[in-house]
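To start, the structure itself, in structure tokens.
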Amino acid sequence: MIKQILHDHIIEALDKLKYVHDKDFTVEIPNNTEFGDYSTNAAMVLSKTNKMAPKDMATALIKELKKNKNFKKIEIAGPGFINFFLAPGFYHQVAWDIYEQDLEFGKSEHGKEEKILLEFVSANPTGPLNIVSARAAAFGDTLYRIMKYVGYAPAREFYINDAGNQVDILAESLELRLREIQGEKIGDFPYEAYHGEYVKQLAQKLNSTEGVRIFMMTEKDRIDHLKEFALSELLEMQRSSLEKFGVVFEGWVSEKTLRMEGVVEEVLSYLTEADCTYEKDDAIWFCSTKYGDDKDRVLMKSDGSITYFVPDLAYHLTKIQRGYTQLIDIFGPDHHGYVPRLKAAFKALNYDDNMLEIIFLQQVNLFESGERVKMSKRAGKIVTMDDLVSVVGKDAARYFFIARKANAHLNFDLELALKRNNENPVYYCQYAHARICSILKKAKKDKLMPKAFKADMMTKLTKPEELAIIQKIADLPEMLVAIADYREPHRLANYVEELAAMLHKYYAKYQISNPKSKDISQARLLLIDAVRKIFVISFELMGISTPEKM
RNA sequence: GCGCCAGUAGCUCAGUAGGAUAGAGCAGCAGCCUUCUAAGCUGCGGGUCAGGGGUUCGAAUCCCUUCUGGCGUGCCA
């Protein structure tokens with residue numbers, strides 16, 4: 001919030017001096033405290049258009065800005081930076097503001113209720129969710145929460161691929177396991193089939209309820225029945241895993257349903273009308289190369305069935321029809337070859353392909369005792385999302401997934417996630433919050449807590465650490481906006497870690513609650529209570545709990 | 001071959017969208033609990049930001065190029 005206030009002050013001064021400000025300048029917290037509490041590059045950025053030397057412009061700006069009593073000192077430095085040193089009174093006022101805004105602090109209308117659709121996880125309903133899905137879930141959900149907090153109107157959706165080839169294979173795998181249970185010799189289990197234990201368990205369940213009746217159906221009915229059974233079981237499994245992880249979707253969109261609604265034919269006809277389909281080798285192709293793709297793509301295979309692309313495109317078009325103006329897809333690392341054809345289709349159908357935004361999450365490697373845990377979905381050797389959550393807990397899992405930026409590989413150290421000391425950032429941060437709660441509780445017992453905090457109690461906060469903490473918490477609103485706009489939730493995890501470090505250090509250096517000096521204690525209690533609120537807000541945005549005692 | 005992503009301290013990673021002397025945690029070493037939670041804190045060492053060019057007041061950040069690693073390059077999804 002301070003950055004915004006300073007930015008406003010600078011704009012005011014620029015207007016008063018009749019300087020043009022056509023370019024964006026920044027207000028930053030310099031990494032070296034000698035350069036002030038905040039600094040701006042305004043004079044350097046705007047000097048050219050105003051035909052002035054940066055230093056002259058800075059000097060004039062400073063003269064104007066000095067009229068404001070929020071500043072203790074303003075300096076010109078280097079090639080034209082303006083460095084601000086803030087008056088303690090200004091910090092106190094800001095801190096009081098934050099305190100009063102309570103758990104609403106940082107909320108804004110920045111997003112102007114823009115409808116944004118976040119599609120993530122969208123795993124095949126052919127097995128339990130794996131850890132890449134878990135990463136996607138943590139990332140997408142956190143982004144959703146933050147976007148909503150800063151005024152966007154986002155929605156979370158899960159696209160169910162319940163109509164393709166993979167589902168056929170799933171049904172076949174299930175049938176084989178069922179025959180096996182009923183005593184048939186099935187020989188080698190096919191390579192392509194799903195080898196996971198869960199298929200056997202599904203077969204057991206089906207066998208116990210329906211047994212041999214399955215094989216009295218016609219083949220078509222049997223396959224359909226097996227598909228339906230497996231899909232509903234596995235979808236429920238996935239839904240429940242996600243819920244346990246704190247992730248709830250506004251929408252679950254079924255490919256099968258879309259197909260039944262005829263959208264596939266619609267899309268084919270749109271593309272044909274737009275004159276970008278042709279027939280070759282008994283298949284129907286989309287000439288995506290006209291719109292930037294590497295090669296043309298098949299829409300309808302020579303056997304008359306449709307490729308994955310067509311209903312998926314149809315699904316994306318329904319998002320637009322439902323009024324979303326920005327479509328964010330969060331994909332796994334193995335899908336980037338898919339994007340050009342989607343974008344090409346948008347262009348071919350005269351939609352702005354910038355509406356479609358793809359975020360790629362890189363792969364997750366699990367490490368145990370320094371060894372990489374190898375996984376193979378086909379062979380059924382996977383560590384599932386449920387496994388992970390039950391071992392390390394929801395909090396640690398979500399934190400570890402959020403704390404890395406999307407397009408970097410993530411090494412997940414299982415032992416580290418389980419550690420209960422300062423090596424483990426989750427505990428480090430949660431402990432900072434618990435520590436505050438504990439101090440507040442103790443203060444109440446010692447009768448040091450005032451009935452109600454008042455703004456003028458702040459004036460006792462004079463230590464540099466105290467002002468630095470205020471500076472840090474005041475930064476939350478701008479940071480959340482940046483996180484939403486740049487789609488980078490990992491920055492919230494970093495922020496919380498930094499704030500936790502400041503709190504722990506402050507605690508170690510100063511006695512916060514001290515019966516010998518009531519005034520200072522109250523000021524400090526007020527400050528840490530404000531910090532506590534920041535932790536509550538931040539953790540809630542990450543979907544991580546805030547224990548009051550640890 | 002082509003495309004996408006990555007390469008920052010011994011390890012895991014940040015680096016506020018071009019800013020000032022590149023930061024944290026871990027690991028290593030040395031310290032701190034009759035006092036609000038030691039799940040914490042303090043100090044010390046550690047760098048050719050993969051290499052090389054360029055753009056400008058200024059580059060880890062932008063452009064070109066080389067190298068290394070991951071992934072993709074199906075009428076799979």
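Please read these numbers as outputs of a predicted model, since none were measured by experiment. Just so we're on the same page: letters track the sequence lines, and every chain starts at 1.
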Given [options], identify the nucleotide with an atom nearest to the side chain of [X].
X: A/Tyr427; options: B/C36, B/C76, B/A39; value: B/A39
X: A/Arg491; options: B/A77, B/C41, B/G15; value: B/G15
X: A/Arg435; options: B/A38, B/C41, B/U16; value: B/A38
X: A/Asp334; options: B/C36, B/G72, B/A6; value: B/G72
X: A/Met44; options: B/C36, B/C57, B/C75; value: B/C57
X: A/Ser513; options: B/C41, B/C36, B/C71; value: B/C36
X: A/Asn407; options: B/C5, B/A77, B/C41; value: B/C5
X: A/Asn161; options: B/G15, B/A77, B/A39; value: B/A77
X: A/Glu488; options: B/A38, B/A17, B/C76; value: B/A17

Roughly how many Å apart are [M] and [N], using the [atom1] atom of each and rounding to a whole number?
N: B/U73; M: B/A14; atom1: P; answer: 27 Å
N: B/G52; M: B/C11; atom1: C1'; answer: 28 Å
N: B/U61; M: B/G25; atom1: P; answer: 25 Å
N: B/U56; M: B/G23; atom1: P; answer: 27 Å

Any strand counts, and the cut-off is 3.5 Å on both contacts for Watson-Crick or G-U wobble. Which nucleotide pairs with [N]?
N: B/C29; result: B/G43
N: B/C13; result: B/G23
N: B/G72; result: B/C2
N: B/U34; result: none

Would you say the side chain of [X] and the base of [N] hold a donor-acceptor pair, judged only by whether the two atoms sit under 3.5 Å apart?
X: A/Asn411; N: B/U12; answer: no
X: A/Arg487; N: B/A17; answer: no
X: A/Thr126; N: B/A77; answer: no
X: A/Ser302; N: B/C75; answer: yes
X: A/His336; N: B/G3; answer: yes
X: A/Glu28; N: B/A17; answer: no

For [X], report the nucleic acid contact type (base, sugar-phosphate, nothing); a contact means any heavy atom under 4.0 Å.
X: A/Thr26; value: sugar-phosphate
X: A/Pro333; value: sugar-phosphate
X: A/Ala482; value: nothing
X: A/Lys549; value: base
X: A/Asn83; value: base
X: A/Asp281; value: base
X: A/Gln511; value: base
X: A/Asn32; value: base
X: A/Arg404; value: sugar-phosphate
X: A/Glu34; value: base
X: A/Asn41; value: base
X: A/Tyr308; value: base
X: A/Lys419; value: nothing
X: A/Phe309; value: nothing

N-glycosidic conformation, B/C63 - syn within 90 degrees of 0, else anti: anti
Syn/anti label of B/A17 as read from its glycosidic torsion, with the cut at 90° from 0: syn
Using the rule given for side-chain contact (heavy atoms from CB on, under 4.5 Å), can you reason through A/Asp395 versus A/Phe539, listing the C-alpha separation, both sets of side-chain angles and the distance that settles it, and then say yes or no? CA-CA 9 Å; A/Asp395 288 348; A/Phe539 279 115; over 6 Å; no
Starting at the 5' end of RNA chain B, which residue's closest nucleotide do you reach first, A/Ile82 or A/Phe360? A/Phe360
RNA chain B: 5'-proximal contact among A/Asn165 and A/Tyr38 (nearest heavy atom): A/Tyr38
Roughly how many Å is it from [atom1] in [X] to [atom2] in [N], rounded to a whole number?
X: A/Tyr194; N: B/A77; atom1: OH; atom2: C1'; answer: 8 Å
X: A/Asn31; N: B/G58; atom1: CG; atom2: P; answer: 19 Å
X: A/Asp37; N: B/U16; atom1: CG; atom2: C1'; answer: 17 Å
X: A/Asp413; N: B/C13; atom1: CG; atom2: P; answer: 10 Å
X: A/Asp296; N: B/C75; atom1: CG; atom2: P; answer: 11 Å
X: A/Ile76; N: B/C57; atom1: CD1; atom2: P; answer: 17 Å
X: A/Glu255; N: B/A77; atom1: CD; atom2: P; answer: 8 Å

Does the structure show A/Phe81 stacking with B/G19, if we require the centres to be closer than 5.5 Å and the planes to be within less than 30 degrees of parallel? no
Would you say whether A/Tyr486 stacks on B/A17? The test is a distance between ring centres of less than 5.5 Å and an angle between planes of less than 30°. yes
Before accepting this row, confirm whether a basic side-chain N of the pair [X]/[Y] lies closer than 4.0 Å to the acidic partner's carboxylate O.
X: A/Lys3; Y: A/Glu28; value: no
X: A/Glu255; Y: A/Arg259; value: yes
X: A/Glu157; Y: A/Lys319; value: no
X: A/Lys509; Y: A/Glu465; value: yes

Is it the case that A/Arg435 places NZ or CZ above or below the six-membered ring of A/Tyr507, under 6.0 angstrom from the centre and within 45 degrees of the axis? yes
Please state whether the phosphate of B/G15, meaning OP1 or OP2, lies under 4.0 angstrom from any side-chain nitrogen or oxygen of A/His490. yes
Would you indicate, yes or no, if B/G74 has its OP1 or OP2 atom less than 4.0 angstrom from a side-chain nitrogen or oxygen of A/Lys301? no
Going by the rule side chain to side chain contact (heavy atoms under 4.5 Å, CB included), which residues pair with A/Lys343 if we only count those two or more places apart in sequence or in a different chain? A/Val339, A/Asp353, A/Leu356
Between the side chains of A/Glu357 and A/Gln326, does any donor sit under 3.5 Å from an acceptor? yes
Kindly determine whether A/Leu46 and A/Tyr19 satisfy side-chain contact (heavy atoms from CB on, under 4.5 Å), including the steps that lead there. CA-CA 8 Å; A/Leu46 299 173; A/Tyr19 290 153; over 6 Å; no
Is there a donor-acceptor contact under 3.5 Å from the side chain of A/Ser438 to the main chain of A/Ala434? no
